[in-house]
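Chain letters run A, B, ... following the sequence lines, proteins first and then strands; every chain starts at 1. The basis for the numbers below is simple: all heavy atoms, side chains too, and nothing from hydrogens, waters or symmetry mates. Values in this document were obtained by computation on a predicted structure and should not be read as measured data.
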There are 2 protein chains.
Amino acid sequence: MGRRLSICNSIDDCDLAVLANESSRMTVADGRSFIEEGAPAHDFFVVTGGRVKLFTLLPDGRRQITGFAEGGDFLGLAASTSYAFGAEALGSATLCRFPHAGMQRLTERFPSLEHRLREEASRELALMQARMTLLGRKTARERVATFLIERCTHLDRPDPTRPVELDLPMPRTDIADYLGLTIETVSRILSAFKKEKLISIRSITHITLLMPERISTIAEGME
Amino acid sequence: MGRRLSICNSIDDCDLAVLANESSRMTVADGRSFIEEGAPAHDFFVVTGGRVKLFTLLPDGRRQITGFAEGGDFLGLAASTSYAFGAEALGSATLCRFPHAGMQRLTERFPSLEHRLREEASRELALMQARMTLLGRKTARERVATFLIERCTHLDRPDPTRPVELDLPMPRTDIADYLGLTIETVSRILSAFKKEKLISIRSITHITLLMPERISTIAEGME
DNA sequence: CGCGGCGTTGACGCATTTCAATCCTCGTGG
DNA sequence: CCACGAGGATTGAAATGCGTCAACGCCGCG
């Protein structure tokens with residue numbers, strides 16, 4: 001989960017071959033898990049294509065999705081010796097894997113990379129603060145509204161008053177587990193938004209925000 | 001929010017005077033706020049004495065406490081240009097303030113410090129994953145149990161089967177806002193635990209876990 | 001054409017919140 | 001020393017938002 005500006009930016013014109021040397025590509029099929037929660041953490045990952053979901057599990061199977069990651073996002077910072085989360089592909093995804101050892105060689109060679117990684121972690125921390133507020137204090141309506149706005153912030157939204165089209169590549173189950181709700185509640189609230197003409201649902205994955213500003217207002221709990 | 005091993009460890013025998021030069025001490029009175037959510041972020045902080053609470057607010061006043069910090073903990077990583085959280089003293093607290101500019105001089109002088117900061121951020125990220133699971137997926141009972149166990153992990157617990165004494169320096173309101181519950185629910189559940197002989201409540205701030213293991217079991221949702 | 005997986009909708013139940021009353025506990029002043 | 005008051009904590013009763021259970025719909029695939 002790191003945003004834009006892949007880590008390569010801190011290496012700039014420097015030897016990209018060195019970076020390639022330390023990493024290996026891999027492809028993960030839809031639904032395939034490639035990080036096991038609690039497993040010893042040997043690698044960092046950068047998502048180069050497709051999307052992945054990160055999550056933690058309770059012993060009885062309850063699941064909390066802690067984030068979705070896509071192209072350019074960085075994975076594995078939330079890990080010391082073992083991964084604090086599991087990860088699996090959402091649709092087929094391609095990744096760059098950086099073994100910790102290799103990463104260390106890279107940070108020695110390019111000291112600014114270390115700073116870049118910290119920035120990445122900081123950005124992630126800031127996002128998580130907001131998500132904790134969502135999970136701890138927002139109503140179901142507010143959560144779904146926040147989710148929609150979040151999705152449209154991913155895009156570089158042109159005009160906040162104009163309708164925005166967006167697609168939700170993840171199934172309802174994932175949305176629910178991300179928002180700390182059930183699929184039924186998510187479904188009901190999307191239907192309610194539709195009835196209120198706040199959104200239109202073209203297909204299961206394709207939604208248009210008709211009144212982004214109002215949804216944004218709901219998201220902040222200012223109804 | 002950084003644990004043990006203050007950042008000084010990465011400087012070791014090196015010039016501590018340099019570090020002192022870049023920082024300034026400050027004391028914050030009980031309940032006084034010293035970081036304003038959303039304000040431009042100019043400083044890092046290290047808690048040197050007492051405790052502080054970190055939180056985010058919704059416009060209508062709902063509050064989510066995102067963490068408690070105490071001696072040695074690091075504050076301000078979850079901030080790029082502006083703070084992603086507010087902070088205020090819980091009881092009177094003393095802090096070390098490091099302006100970003102000074103911190104940058106330090107990381108240039110002691111490159112390992114940058115790595116240390118990343119570690120700190122990673123540790124924090126891992127904790128937050130767990131907290132998101134708590135807020136999104138655990139029941140009230142499980143949340144309170146988790147909170148108790150968390151508190152006792154802060155101590156270096158000797159024997160997990162023996163009773164553990166711990167004090168909760170924060171008011172119920174803070175516990176509730178930390179767990180995403182109401183004070184009433186927190187209170188009721190503590191009473192229930194008492195009735196079940198899982199804990200004993202010596203005073204408002206002083207609680208003994210009579211059966212740490214059982215509480216731990218509840219915390220993981222394995223009841 | 002029919003089956004299976006996901007999504008929606010409805011009815012009902014329950015955990016937690018909300019509202020409200022009472023209880024501590026501790027500091028203050030008579 | 002005790003009465004008193006105020007703020008937080010506890011306890012109880014009622015309300016409610018969301019979850020659970022269950023039926024149904026939609027759609028793609030064999």
Could you go step by step and tell me if B:Thr94 and B:Thr48 meet the side-chain hydrogen bond (donor to acceptor under 3.5 Å, both in side chains) rule?
CA-CA 5 Å; B:Thr94 59; B:Thr48 54; 2.8 Å; yes
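- Within the 4.5 Å cutoff, no side-chain heavy atoms of B:Phe193 are placed close to those of B:Leu209.
- Mapping heavy-atom proximity under 4.0 Å, the span of DNA chain D touched by chain A runs 5' to 3' from D:dC18 to D:dC21.
- Atom CZ in A:Arg62 sits about 13 Å away from atom C1' in C:dA15, given to the nearest Å.
- Taking the six-membered ring for Trp and thresholds of 30 and 60 degrees, B:Phe45 and B:Phe34 have ring planes more than 60 degrees apart, a perpendicular arrangement.
- A:Thr139 comes within 4.0 angstrom of the backbone, heavy atoms only, and of no base.
- Residue B:Thr185 is classed as a base contact, given a heavy-atom separation below 4.0 Å to a base.
- Counting only heavy atoms from C-beta outward, the side chains of A:Thr66 and A:Phe55 never approach each other to under 4.5 Å.
- Rounded to a whole Å, the CD1 atom of A:Ile189 is 12 Å from the P atom of C:dT8.
- Looking at heavy atoms from C-beta onward, B:Thr133 lies out of side-chain contact with A:Arg62 at the 4.5 angstrom threshold.
- When the C1' atoms of four end pairs are superposed on the next four at each end of the helix from C:dC1-D:dG30 to C:dG30-D:dC1, using five pairs per end, the two resulting axes differ in direction by 20°, to 10°.
- Spacing between atom CZ of B:Arg188 and atom P of C:dT16 amounts to 11 Å, rounded to whole angstrom units.
- Taking every heavy atom of both residues into account, B:Val47 and B:Glu70 meet most closely at CB-O, 3.3 Å.
- For the pair B:Ile175 and B:Met170, the tightest heavy-atom approach, listed with the atom from each and the gap, is CG1-CG, 3.6 Å.
- The heavy-atom pair separating A:Ala89 from A:Asp30 by the smallest distance is O-OD1, 3.9 Å.
- Comparing A:Lys138 and B:Ser187 by the nucleotide of DNA chain D that holds the closest heavy atom to each, the one mapping nearer the 5' end is B:Ser187.
- Comparing A:Arg137 and A:Lys194, the nucleotide of DNA chain C nearest to each residue sits closer to the 5' end for A:Lys194.
- For B:Tyr178 and B:Arg131, the side-chain atoms include at least one donor-acceptor pair closer than 3.5 Å.
- Closest of all the heavy-atom pairs between B:Ile149 and B:Pro212 is CD1-O, 3.7 Å.
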Could you walk me through whether A:Gln129 and B:Tyr83 pass side-chain hydrogen bond (donor to acceptor under 3.5 Å, both in side chains), step by step?
CA-CA 11 Å; A:Gln129 308 270 129; B:Tyr83 292 112; over 6 Å; no
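- Against DNA chain C, the stretch residues 170-184 of chain B makes heavy-atom approaches under 4.0 Å through B:Gly180, B:Leu181, B:Thr182, B:Glu184.
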